[in-house]
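Data block below; observations after.
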Amino acid sequence: MSLLSLEDVKKHYASQEVLSGASLKIDPGEKIGIVGRNGGGKTTLFRLIMGQETPDWGRIVTRKGTDVGFVEQRPSFAAGMTVRGYVEAGMEHAKQAVIELDAVVEEMSTAQGERLDQLMAKQGLLTERVEVLGGWEIERRVEKVMSGIGLGEELWDRDPTTLSGGEKGRTAIARALAGGHDLLLLDEPTNHLDLPGIEWIEDYIKTLQGAVLVISHDRRLLTNAVDAILELERGQLSRYTGNYKRYLQLKEERYVSEKRSYDIQQDTIRKEEAFIKKHMGSQRTAEAKGRMKKLQNVERFPRPHHDVRRPIIRAPEAKRGGEKVFETFELAAGYDQKLVWQGVNLRVGRGERIGIVGRNGIGKTTLLQILAGRSSQAKGTVERGHGAECGYYDQETGDFRPDGTPMSEIRRRYPNMTDGQIRSHLALFLFRGDEEIEKPVANLSGGERARLALSLLVMEKPSWLAMDEPTNHLDLAGRTALEEMLSSFDGALVLISHDRELLDDLCNRIVEVESDGVVSYDGNYTHWREVKAQATADAQAQRNKDTAERKQVARKEAERKAATESSAGKKGKARSSGSKRPHNPYKFKKLEERIMLLEERLEKLNASLTKEEVYRDANKLRDTQFEIAEVENELTEANKEWESWAS
């Protein structure tokens, strides 16, 4: 039986029909991505599933006992609760399932006959449920999710009310992910995450045993983490098997097929109507009437809908500048002794495509603003090239008057444009009709503000572009249009983005911001990740090698001391009171064998870090590193015990 089904669901807000007979079935374990235009009803669909709203028509059926999880938009934290406690509280269903299973197992020890058979069947169901909910490893699961989502250990025991807005958002996501729900609803889960967190959550979704329904504009996540796409368009839900790339292909094929059938039917109808009109009242009237009756009973195909509306973003004409766009020397940002980063030396030439990456809070936006001349540095200099003029896109899109409108914002900057020219330009960015072009800026959605900012940016003639999260708030169609525009721009491009598809398709150099400067990597985002993973594996292998060498030296020294004491004992000398030779040779031998096995395991784990299937899979890489840490700790304790016996 399906976990969830929607049957002919309709939902209206005033005159707007958000859902017009939507139907859907979700089976256990499915991973489904939801796509559709901003404001098209995706979040409304989630609120209906969660029971926060009721449909005007139709019904929503959830299988009995199904645990539906979702991310709290405004999480509430109880007094005295820690971040860890809040996340772990999301696993109450798992804890309860473990308690029930323990009770069943205990009763099975004394049950007989039919009751035993019943308990065995119940045990099987509960065991499966505990596994789905993650009940076997609650503590490890909680810590794994918090680490993966970007909540450092220093935050785990903090009062969640003291966290920043982004940290609270990640805490709420961590609770939902750790919960092991039968059905998990995720609405833009990557919004508060940095690039490692996005990659982690992508891999984690794939490993969850429960079903996942995720709304996302992240094309890479929709390609890598889901096995079906659900498109919400004109109030209808259409399902496509496969990931996002497959969905694009199937959608086009479906439209072509439906359009062909529609055109053939329309052509047949026109011919039949022409025959009826020509022969009605003639000797062939009976035949004409027969055809008319048949035509009236024909089930007519609806005109296929292919929403091609998307912003038409033409690249701005790049002003010709010198070969050098800018160069920085020992740049630093911050205040007094509290520098965010320092020692930044960076040169960008004409036509280069640079992607800026780094952990959240490291100061990427600050760096971009300094490079663009929007902010001043604490130390160092920025040397700009001849004729270098920057076009800057602010992720906050805040350079608008709150009482302005799309029409007035363009007129304010370009007073010589006629109303007709402004209307035509805004129409390219999907602002059409008086209602949209005269809409107050204060009432614009995030996507509308982004489109308005882009409409102004392309009217400039910069020699290079500095863009801070340009795909934020844009739907999939808008992201595609933006990428096409940036691909055709002739000038240099420096951008900050969490859109991995954008970084891969556009950038030929990745610059990673760190506290002590920047590191530049030739190639796109995928190449950068491979280089970083290999560097991590090499560093870990070297640390383990150094540790093994130190232990080998210590062991030889211990053996030398033991041999000296043994020789002294044979000469009749009394054993010193400080000697700690093993009283139980059998246990000592077992300890040595255990150490050897741990060392072999550690060597294999370190070797696995260099394998492509591990270092290219963020989830496998983190799990391997986690296991290495556990083995190292166990090996350290075993060596301490060995040294206390052998020294």
Side-chain angles (χ1 to χ4, degrees), residues 195 219 311-329 331 344-358 364-375 377 380-395 428 450 453-472 474 478-513 517-531:
L195 285 166
R219 293 167 290 177
I312 303 174
I313 311 176
R314 298 192 179 98
E317 181 182 343
K319 182 178 179 180
R320 181 73 177 181
E323 288 298 322
K324 181 175 75 174
V325 176
F326 63 77
E327 186 170 6
T328 70
F329 301 92
L331 211 61
V344 170
N345 296 291
L346 178 66
R347 188 184 193 280
V348 174
R350 187 174 65 195
E352 280 199 273
R353 305 301 176 93
I354 312 296
I356 297 179
V357 300
K364 300 186 294 293
T365 295
T366 301
L367 174 60
L368 191 67
Q369 288 174 340
I370 293 172
L371 298 178
R374 296 293 187 102
S375 184
Q377 63 270 23
T381 58
V382 181
E383 186 179 283
R384 307 189 190 283
H386 173 70
E389 292 187 13
C390 177
Y392 185 76
Y393 177 91
D394 179 6
Q395 68 165 315
L428 299 177
L454 289 170
S455 75
L456 290 165
L457 180 66
V458 300
M459 297 176 76
E460 303 175 21
K461 292 184 179 180
S463 64
W464 68 286
L465 291 174
M467 309 192 78
D468 189 1
E469 296 290 0
T471 58
N472 272 12
L474 291 179
R479 291 183 179 211
T480 301
L482 174 66
E483 186 173 316
E484 291 173 355
M485 180 275 275
L486 295 176
S487 296
S488 62
F489 178 63
D490 292 331
L493 170 67
V494 181
L495 66 88
I496 300 169
S497 181
H498 287 152
D499 189 325
R500 294 163 292 165
E501 200 81 10
L502 194 73
L503 292 172
D504 258 350
D505 293 346
L506 291 179
C507 297
N508 52 30
R509 183 148 65 106
I510 298 296
V511 171
E512 183 177 14
V513 182
V518 298
V519 183
S520 183
Y521 301 82
D522 290 333
N524 62 8
Y525 173 79
T526 295
H527 182 258
W528 169 71
R529 288 292 293 122
E530 291 172 352
V531 171

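Computed over heavy atoms, backbone and side chain alike; hydrogens, waters and symmetry mates excluded.
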field: Sub-4.5 Å side-chain heavy-atom contact between Met467 and Leu486
entry: yes
OG on Ser488 to CZ on Arg314, rounded to 0.5 Å: 10.5 Å
message: Quick check against the 3.5 Å criterion: does Ser520 have a side-chain atom that pairs as donor or acceptor with the backbone of Val511?
response: no
query: Residues two or more places apart in sequence or in another chain: which of them pass side chain to side chain donor-acceptor pair (under 3.5 Å) with Asn524?
result: Asp504
message: To the closest 0.5 Å, what do you measure between CG (Leu331) and CD1 (Ile370)?
response: 5.0 Å
- prompt: Is there a side-chain contact between Leu465 and Tyr393 (heavy atoms, below 4.5 Å)?
  reply: no
- prompt: Parallel, tilted or perpendicular: which describes the rings of Tyr521 and Trp528, with under 30° parallel and over 60° perpendicular?
  reply: perpendicular
task: Verify, without hydrogens or angle tests, whether Arg219 (side chain) and Glu501 (backbone) share a donor-acceptor contact under 3.5 angstrom.
output: no
- request: Please examine the side chains of Glu469 and Asp499, heavy atoms only from C-beta on, and report whether any two atoms are closer than 4.5 Å.
  value: no
query: Of Leu371, Leu367, Thr381, which meets side-chain contact (heavy atoms from CB on, under 4.5 Å) against Thr328?
result: Leu371
- prompt: Do the side chains of Leu195 and Arg500 get nearer than 4.5 Å, heavy atoms only?
  reply: yes
- prompt: Is there side-chain contact between Leu346 and Phe326, with at least one heavy-atom pair below 4.5 Å?
  reply: yes
- request: Report yes if the side chains of Tyr392 and Leu368 come closer than 4.5 Å at any heavy-atom pair, otherwise no.
  value: yes
message: Using the side-chain contact (heavy atoms from CB on, under 4.5 Å) definition, which of the options Ile354, Leu482, Leu493 pairs with Leu506?
response: Leu493
field: Verdict with supporting geometry, Val348 and Lys324, side-chain contact (heavy atoms from CB on, under 4.5 Å)
entry: CA-CA 6 Å; Val348 174; Lys324 181 175 75 174; over 6 Å; no
message: Between Arg384 and Glu389 (side chain of the first, backbone of the second, donor and acceptor by atom type, cut-off under 3.5 Å), is there such a pair?
response: no
query: To the nearest 0.5 Å, how far apart are OG in Ser497 and CD in Glu483?
result: 9.5 Å
query: Considering the options Thr365, Leu503, Val518, Val513, which one meets the side-chain contact (heavy atoms from CB on, under 4.5 Å) requirement together with Ile356?
result: Val513
Interatomic spacing from CZ in Phe489 to CZ in Arg353 - rounded to 0.5 Å: 7.5 Å
task: Output the distance between atom SG (Cys507) and atom NE2 (His527), rounded to the nearest 0.5 Å.
output: 14.0 Å
task: Ignoring hydrogens and angles, tell me if any N or O in the side chain of Glu460 forms a donor-acceptor pair with the backbone of Leu457 under 3.5 Å.
output: no
- prompt: Could you give the distance from CZ (Arg374) to CG (Asp394), rounded to the nearest 0.5 Å?
  reply: 7.5 Å
- prompt: Looking only at heavy atoms, which two atoms of Ala466 and Cys390 are closest? And how far apart?
  reply: CB-SG, 3.7 Å
message: Looking at Glu383 and Arg347, is there a salt bridge between them, counting it only when a charged N and a carboxylate O are closer than 4.0 Å?
response: no
Residues Val325, Val494; criterion side-chain contact (heavy atoms from CB on, under 4.5 Å); working and verdict: CA-CA 11 Å; Val325 176; Val494 181; over 6 Å; no
field: Worked verdict on Asn508 versus Asp522 for side-chain contact (heavy atoms from CB on, under 4.5 Å)
entry: CA-CA 6 Å; Asn508 52 30; Asp522 290 333; over 6 Å; no
